[in-house]
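Below is one structure; the comments refer to it alone.
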Amino acid sequence: MLLIFQALEAILLRTASDLSHFSVVGMNIVKKLIHSYMKLIYAALYSENCKMSRGCLTLLSAMVAQGPDSARDVYSHFDFNNKYLPGLLKKGFKKGKTDVRMAYIQFALSFLIAGDNALLAQVLELRDILRSEIKEDRVSTVHLLLSTLRTKVVHNKSISKTQKVRFFTAEVLLHIASLYRWNGITDVSPEDCKVAQGSEEVGKAMVRELVHSFLIDLCCSLKHGITFYDPSLGTSGKGGNVVLLHFLLGLRTATEDEMVADLLVNILKVCPDLLNRYFKETHYSFVPRVTSAWMDNMRLLKKIYEAQPDISNSFKTSEFIPLPRLLSMLPSTVVKHSILSLVSMVLRRALRNIEHCLSEETWQRSQIYTLPAVQEFVQLYREAVSKVLPDMNNLVSVWQSLLKQKREHTDGPAEQKEGDVSAVKAMTETEVAEQHGIVTEKGSREEVPPLLQHHILKVALELPANKFAWFRVQDIAETEKISGKKSVFYLLMKMFVTSTHSHLKISTKKLIIKILLKLVTNPYPYTDKAADLVQEASMLQ
């Protein structure tokens, strides 16, 4: 029986290639086998003998290879619903051995290679291969699988994007992505695709490059891939690229594997509509804590954010995209630095968007927005940014806590210090710059750069006066008498008196005037407190 299969296979391979002028003979053999011997073929296919199963599958592949007509005939007569068929993907599978699994993969792919577009659409309903453990297949098998899918499905103009999305489900994509951790047999060399004696590392590098190139093409190409462009950037409330979202949520090695991180970053770059939902549903925790895992998560977050365009794509649509809420702080120098550096990056990006909006030339040519409308948007944008920024009082308290830590020569419990050390190892000394208070009762701190003082004053000047708790009158009676602390306003006046830098004196003066004007427009809370204090003082006297 096996010899007969091999003989017929040899004839059909010739009639499908160099003896194509005998194609009628090949077609007659195919029809005879289909109509008279399918029971025999099934018996051989599902037999205990692995060689028999493999011989049967290679014969079936040769039958399909005769052309679109024979491929259609075999497909329509073959029982793909047989419960034993998926078992062929595991049958006789041993590393380094010629196995049934490889023959079955070649049989399934033969329909994509030889079939016409109508048959391709039907074949795409079969996903058994891509749901199996492909990460242990040979390099040659992986190469055949991915190159066939790329040529016949991904780059096929007659296969609609909807059909591709139905075929490449999140489950299928995750199985393909398992090839990043490939652990199979290296049976080809990168140069000439002949059998190689090379190490496993060569094979791993080849397979990783193959799968990365394939997934980038499939998931990041608006032309060929499964990506839909959402003009609302995710604000319409519709489903969007749900398959890609579930795929991204399943990529759990992005912080450990540079290639997986690159894939994730590129998908979110092409699909900004997924950003909000991804950060809400991802297993990565961005809640600040002193661990190396959190630092890795923050590095991934920065990569994602840096890949987004400097000038937001929201300006290409009529939709406004609010900034995501930022994270709360925990008492750790490293954690604070990581969060503040992210805040700084967000603000720099926001500033570039504001500068883009205020460019008159850009909007004079615009068919969507007028210059006054954009100027109004800038004001709304600034307000939106200021709402999601950490409160200015929190930033001041951060400085005060760091000064206290410096005085006590400690940064919390022993286990926290150990966590800090492990996290700091991933950062350079220059990156972990301490945040100091800008001024004390004794005057400006010498170790604080004037540039830092200048920027703090500039921020305070830009923001509404009510962002700061300038006067802590209610605390003076008890706390400040004991500790010697003064209100922020008092320290500002002290800075104005003691500062030796003229530009700082000017900025400080402007800020003091701004605060006093605010006080003049709404003096009642302060006059009431002052009256209470006067009454208390008279009673004490």
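Just so it is clear, the model here is predicted, and its values are computed rather than measured. Values below: all heavy atoms of this structure, side chains included; hydrogens, waters and symmetry mates excluded.
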Exercise. Identify the two heavy atoms, one from F167 and one from V172, that lie closest to each other, and give their separation to 0.1 Å.
Key: O-CG2, 3.8 Å
Quiz prompt | Criterion side chain to side chain contact (heavy atoms under 4.5 Å, CB included) on L88 and R101, from CA distance to verdict | solution = CA-CA 6 Å; L88 295 175; R101 175 183 168 81; over 6 Å; no
Self-check item: Full working for side chain to side chain contact (heavy atoms under 4.5 Å, CB included) between E383 and V378
Solution: CA-CA 9 Å; E383 290 173 8; V378 167; over 6 Å; no
Exercise. Return the orientation label for the F107 and F111 ring planes: parallel under 30°, perpendicular over 60°, tilted otherwise.
Key: perpendicular
Exercise. Indicate the atoms forming the closest heavy-atom contact of K161 with G225, along with that distance.
Key: CE-O, 3.2 Å
Quiz item: With a 4.0 Å cut-off, would you call E201 and K204 a salt bridge?
Solution: yes
Self-check item: S359 side chain vs H356 backbone, donor-acceptor pair below 3.5 Å
Solution: no
Quiz item: Where do T186 and G203 come nearest, in terms of heavy atoms and distance?
Solution: OG1-CA, 3.3 Å
Quiz item: Heavy-atom count around E48 CD within 6.0 Å, excluding the residue itself: above 12?
Solution: no
Quiz item: Any idea how Y46 and Y84 line up, ring-wise: parallel (<30°), tilted (30 to 60°), or perpendicular (>60°)?
Solution: tilted
Quiz prompt | Side chain D296, main chain T255, donor-acceptor under 3.5 Å | solution = no
Practice problem: Measure from the side-chain N and O atoms of S70 to the backbone N and O of M63, and report whether any donor-acceptor pair falls under 3.5 Å. | Solution: yes
Quiz item: Is the backbone N or O of E256 less than 3.5 Å from a side-chain atom of T253, with the two atoms forming a donor-acceptor pair by type?
Solution: no
Quiz prompt | More than 12 heavy atoms of other groups within 6.0 Å of K303 NZ | solution = yes
Quiz item: If you round to the nearest 0.5 Å, how far is CD1 of I267 from OG1 of T227?
Solution: 7.5 Å
Practice problem: Nearest 0.5 Å please: distance from the CG atom of N297 over to the CG atom of L301. | Solution: 9.0 Å
Quiz prompt | Check against side chain to side chain contact (heavy atoms under 4.5 Å, CB included), F5 and C56 | solution = CA-CA 7 Å; F5 282 174; C56 183; 4.0 Å; yes
Quiz item: CE of M206 to CH2 of W182: how many Å apart, nearest 0.5 Å?
Solution: 8.5 Å
Quiz prompt | Crowding at CG, L347 (>12 non-hydrogen neighbours, <6.0 Å) | solution = yes
Quiz item: Ignoring hydrogens and geometry, is there a side-chain-to-backbone donor-acceptor pair from D262 to E258 under 3.5 Å?
Solution: no
Quiz item: To the nearest 0.5 Å, what is the distance between OG1 (T58) and CZ (R54)?
Solution: 6.0 Å
Quiz item: Rounded to the nearest 0.5 Å, how far apart are CG of L174 and CZ of R252?
Solution: 9.5 Å
Practice problem: Measure across L120 and G115 and return the closest heavy-atom pair with its distance rounded to 0.1 Å. | Solution: CD1-O, 3.8 Å
Self-check item: Nearest-0.5 Å distance that lies between atom CG in L173 and atom CZ in F214
Solution: 8.0 Å
Quiz item: Who pairs with E281 by side chain to side chain contact (heavy atoms under 4.5 Å, CB included), at least two apart in sequence or on another chain?
Solution: L245, L249, R277
Quiz item: Looking only at atom types and distance, does a side-chain atom of Q308 sit under 3.5 Å from a main-chain N or O of L268, one as donor and one as acceptor?
Solution: yes
Exercise. Kindly say whether F279 contributes a backbone atom to a donor-acceptor pair with the side chain of T282 at under 3.5 angstrom?
Key: no
Quiz item: Between K164 and V154, is there a donor-acceptor pair closer than 3.5 Å when you use the side chain of the first and the backbone of the second?
Solution: yes
Exercise. Take atom CD of E209 as the centre, draw a 6.0 Å sphere, and report whether it contains more than 12 heavy atoms from other residues, nucleotides or ligands.
Key: no
Quiz prompt | Side chains of Q66 and S23, donor plus acceptor under 3.5 Å | solution = no
Exercise. Scan side-chain atoms only and decide if S158 and N156 contain a donor-acceptor pair under the 3.5 Å cut-off.
Key: yes
Quiz item: What residue among L85, L45, L60 forms side-chain contact (heavy atoms from CB on, under 4.5 Å) with Y104?
Solution: L85
Self-check item: Pair Y284 and Y278, ring centroids less than 6.0 Å apart
Solution: no
Quiz prompt | Salt bridge R181-D257, side-chain N to carboxylate O under 4.0 Å | solution = no
Quiz item: Taking only residues two or more places apart in sequence or in another chain, which ones pass side chain to side chain donor-acceptor pair (under 3.5 Å) with D217?
Solution: R150, H155
Exercise. May I have the step-by-step check of salt bridge (charged side-chain N to carboxylate O under 4.0 Å, His left out) for R138 and D99, ending in yes or no?
Key: CA-CA 11 Å; R138 294 172 177 78; D99 51 75; 2.8 Å; yes
Exercise. Might you work through the side chain to side chain contact (heavy atoms under 4.5 Å, CB included) test for L3 and Q6, ending with a clear yes or no?
Key: CA-CA 5 Å; L3 284 170; Q6 289 169 344; 3.7 Å; yes
Exercise. Heavy atoms only: give me the nearest S178-I134 pair and the separation to one decimal.
Key: OG-CG1, 4.2 Å
Self-check item: R208 side chain to Y180 backbone, donor-acceptor under 3.5 Å
Solution: yes
Exercise. Not counting sequence neighbours, which residues clear side chain to side chain donor-acceptor pair (under 3.5 Å) with D79? List them please.
Key: none
Quiz item: Sub-3.5 Å donor-acceptor pair from the side chain of S61 to the main-chain atoms of L57, do we have one?
Solution: yes
Quiz item: Is the NZ or CZ atom of K32 positioned over Y37's six-membered ring, under 6.0 angstrom from the centre and within 45° of the axis?
Solution: no
Exercise. Please confirm whether R349 makes a cation-pi placement over Y305, using NZ or CZ under 6.0 Å from the six-membered ring centre and within 45° of the ring normal.
Key: yes
Practice problem: Classify the ring geometry between Y75 and F80 as parallel (under 30°), tilted (30 to 60°) or perpendicular (over 60°). | Solution: tilted
